Number of protein chains: 2
Amino acid sequence: MKVTIQDIAKAANVAKSTVSKVLNDSPKISRETKERVREIMRQMNYTPSSIATRLAKRSSRNIGLLIDMTHESEYMNPFFYNIMVGIESVIGPQTYELTIANVQPNDPERDIMNRLVRSGRIDGLITNNVILNDGMVDSLTELGFPFVSMGEYESRNVPWVDYDNEAGGAMLTGHLLAQGYADIAFVGGESGEKIYEKRHRGYAEAHRKASLPLRGERTVNGVADENHGYRSTLELLQSDRPPDAVVCMNNYVAFGALKAAEQLGIPIPGRFGIATFDDFPFSPYTNPPLTSLFIHTFELGATAGRMLLERIDDPALPSSSLLLQPELIVRRSTERIEAGRE
Amino acid sequence: MKVTIQDIAKAANVAKSTVSKVLNDSPKISRETKERVREIMRQMNYTPSSIATRLAKRSSRNIGLLIDMTHESEYMNPFFYNIMVGIESVIGPQTYELTIANVQPNDPERDIMNRLVRSGRIDGLITNNVILNDGMVDSLTELGFPFVSMGEYESRNVPWVDYDNEAGGAMLTGHLLAQGYADIAFVGGESGEKIYEKRHRGYAEAHRKASLPLRGERTVNGVADENHGYRSTLELLQSDRPPDAVVCMNNYVAFGALKAAEQLGIPIPGRFGIATFDDFPFSPYTNPPLTSLFIHTFELGATAGRMLLERIDDPALPSSSLLLQPELIVRRSTERIEAGRE
DNA sequence: TTGTATGCGTTATCAC
DNA sequence: GTGATAACGCATACAA
């Protein structure tokens, strides 16, 4: 069978408590004993049972990361790897492991609570604001259990990290304005959807800052996919007074917009400019390449990890929140309209 | 403090072993007792400690999934989420958890072995063939520890799942031939690279099957990125006798090829056809959309999970391997060259 | 059917 | 410095 602390103790002719102390490098153990015991551990190829350690130490050394498989989350999906690596990069060095858990959509609150939290399987929880709900938050806080949300969460007092969608909207819109575009549409996103609201607020803000009126018909809500981007842009461009640029909710919408302009023979850039949220999955690879808003997804994960670790160390910490800044990547789709040329 | 099995026993006026049996739904406990105890557990909001359970049962109910953060694995990256969800979809229902572990590149073998395997933190391991090495394989098999490789692994007797790269190469090439293309290049991939060799073998095989000669200069090795795709295709197309189609190692290479043809004013499809491995991240979103080879990444993960679970149930199982078939997705980039039109 | 005693592999609290 | 011994929370053979 497996070699245990007992076996080492016997072989080294010491008590197992001594072995344990060697394991934890206790200062009250003599140098010689330590070396002797360690040598024996090496010889016998001993590795302490992490389960037993955890039981005794009452810590699982484990962080839970919640995902929702059913959501087919096109949004999370491509970013997930980077986020996860970001988390791991900060918790790994602290010898925490990362456990992925799938939430059951039918009974999200109770199941996760029992399976992961109450059972002591994890020491802290990272989730996102679409999985999180008030019930979970209440249970978690009642238990004093450390957790962090990726994505803003307002209805309760929870710690979260997010990147600044509002600033992002302002950056994209502001960039278009600075390039000389003057009548900018916004395509994609459902009214009421948090992330859309934020982004659109930035779009509005940029208009205000430029003392430009905000025309309601310039915003076309809908699912953020290629089809919606295509149809909406087509309609906009065929209207009496077409916009000269558009801010898109994501790459797919932008691709649809691109297609619409192309179909109508409208040159990009030139008569029409396109800027989009997300640099992923293909904004550098369209024709022309798309000006986009890059999210440091790794940083998002790393920050969530750091915040969680802080809260594990001190569960009484008041909940704070953090906004990361996105980065504007300028490409050809929003190049300056040269004067006198069209 | 937390409520334990002891507290329940006391409250229910039974022995804790009885509670334990209720927990495990033992048939030797009377219906009434079960219900009474369960009611009390509910009232006291009891959840068994998974750590204690695991220690007693000597099973961690945990599967390890290895990643290599440093590899910046552009390859794994986009597929990772699907693979992970695939794994989770089969191990989750069996109440296994998924633990992500980052392998340390400097000391990959020993560290993982101790930290995860010997420590009993996981019951089984899923890794891929770039992380796996003979040393790990030997240690793992010596311990009789269940593991599965995603990606073919030949130098030892290990169980693996992979998708059929060779068949994929033959499918893409065969499709081009069937469409009427007759002189097909292959761009991207380093000689010696496993996955490249497989794919190229399929390419060669399709030629053989069509009784077509295989010209060495039609294969242009190199890193599989846009730049290489662009330069290679440019050169090919500018040669005395240009090919009329190309098979690309991935979307980035294909995008470079697209750009080269476009720059030379060569219509696609028409005078030139492009087919590429991978449907991700953007083959539907180029102009024209790319004919591509779709990998069921979810299935890959799910299969790995199933294989691993089988081996956990029966560690003596002889190691088997499995090839999944990719799927050809035909798009405009390889449309038929209409006779008399160019 | 239920209870008793012991084990799972550590850590922690005391003594010595 | 080192060694018994009791937790840690649950499972299980064996009694009752």
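Bear in mind the structure is a predicted one, so any value in this text is a computation, not a measurement. Only this structure's heavy atoms are used, side chains among them; waters, hydrogens and symmetry mates stay out.
- Enclosure of atom CD in A:Glu142 is not indicated, since only 12 or fewer non-hydrogen atoms of other residues, nucleotides or ligands lie within 6.0 angstrom.
- Residue B:Val19 is out of contact with every strand shown, counting any heavy-atom pair closer than 4.0 Å.
- Residue contacts for A:Thr47: at a heavy-atom cut-off of 4.0 Å it reaches the sugar-phosphate backbone alone, with no base atom in range.
- Comparing A:Ala56 and A:Pro27 against DNA chain D, the residue whose closest nucleotide sits nearer the 5' end is A:Pro27.
- Heavy-atom nearest nucleotides on DNA chain D were determined for B:Ile51 and for A:Ile29, and the one closer to the 5' end corresponds to A:Ile29.
- If you check every strand for non-hydrogen atoms under 4.0 Å, A:Thr4 touches sugar and phosphate atoms only.
- The pair B:Asp25-B:Lys34 counts as a salt bridge, with a side-chain nitrogen and a carboxylate oxygen less than 4.0 angstrom apart.
- Scanning atom types as modelled, one donor and one acceptor separated by under 3.5 angstrom connect the side chain of B:Lys21 and the base of C:dG3.
- Residue A:Asn13 is classed as a sugar-phosphate contact, given heavy-atom separations below 4.0 Å to backbone atoms only.
- Regarding contacts with the backbone of C:dT11, a side-chain N or O of A:Ser20 is found under 4.0 angstrom from either OP1 or OP2.
- Residue A:Thr33 is classed as a sugar-phosphate contact, given heavy-atom separations below 4.0 Å to backbone atoms only.
- Residue contacts for B:Ser49: at a heavy-atom cut-off of 4.0 Å it reaches the sugar-phosphate backbone alone, with no base atom in range.
- Using a 4.0 Å heavy-atom distance criterion, A:Lys28 is classed as a base contact.
- Taking atom CD1 on B:Ile8 and atom P on D:dG9, their separation rounds to 13 Å, with Å as the unit.
- Look at CZ on A:Arg54: it is 13 Å from C1' on C:dG9, rounded to the nearest Å.
- Across the interface with DNA chain C, nearest-nucleotide mapping of B:Lys57 and B:Lys34 shows B:Lys34 to be the residue nearer the 5′ end.
- In the interface, the side chain of B:Ser17 is paired with the base of C:dT4 through a donor and an acceptor atom under 3.5 Å apart.
- The shortest distance between the side-chain N/O atoms of B:Thr18 and the OP1/OP2 oxygens of C:dT1 is not below 4.0 Å.
- With rounding to whole Å, B:Lys2 atom NZ is found 13 Å from D:dC8 atom C1'.
- A salt bridge does not link A:Lys194 to A:Glu152: none of the charged nitrogens lies less than 4.0 Å from a carboxylate oxygen.
- The pair A:Arg306-A:Glu299 meets the salt-bridge criterion, with a side-chain N (NZ, NE, NH1 or NH2) lying under 4.0 Å from an Asp/Glu carboxylate O.
- Counting distance only, with no hydrogens placed and no angle test, the side-chain atoms of A:Lys16 and the base atoms of C:dT10 include a donor-acceptor pair under 3.5 Å.
- Using the six-membered ring where Trp is involved, B:Phe80 and A:Tyr81 have ring planes that are perpendicular, over 60° apart on the 30 and 60° scheme.
- Between the C1' atom of D:dA6 and the CG atom of A:Leu55 lies a distance of 13 Å, rounded to the nearest Å.
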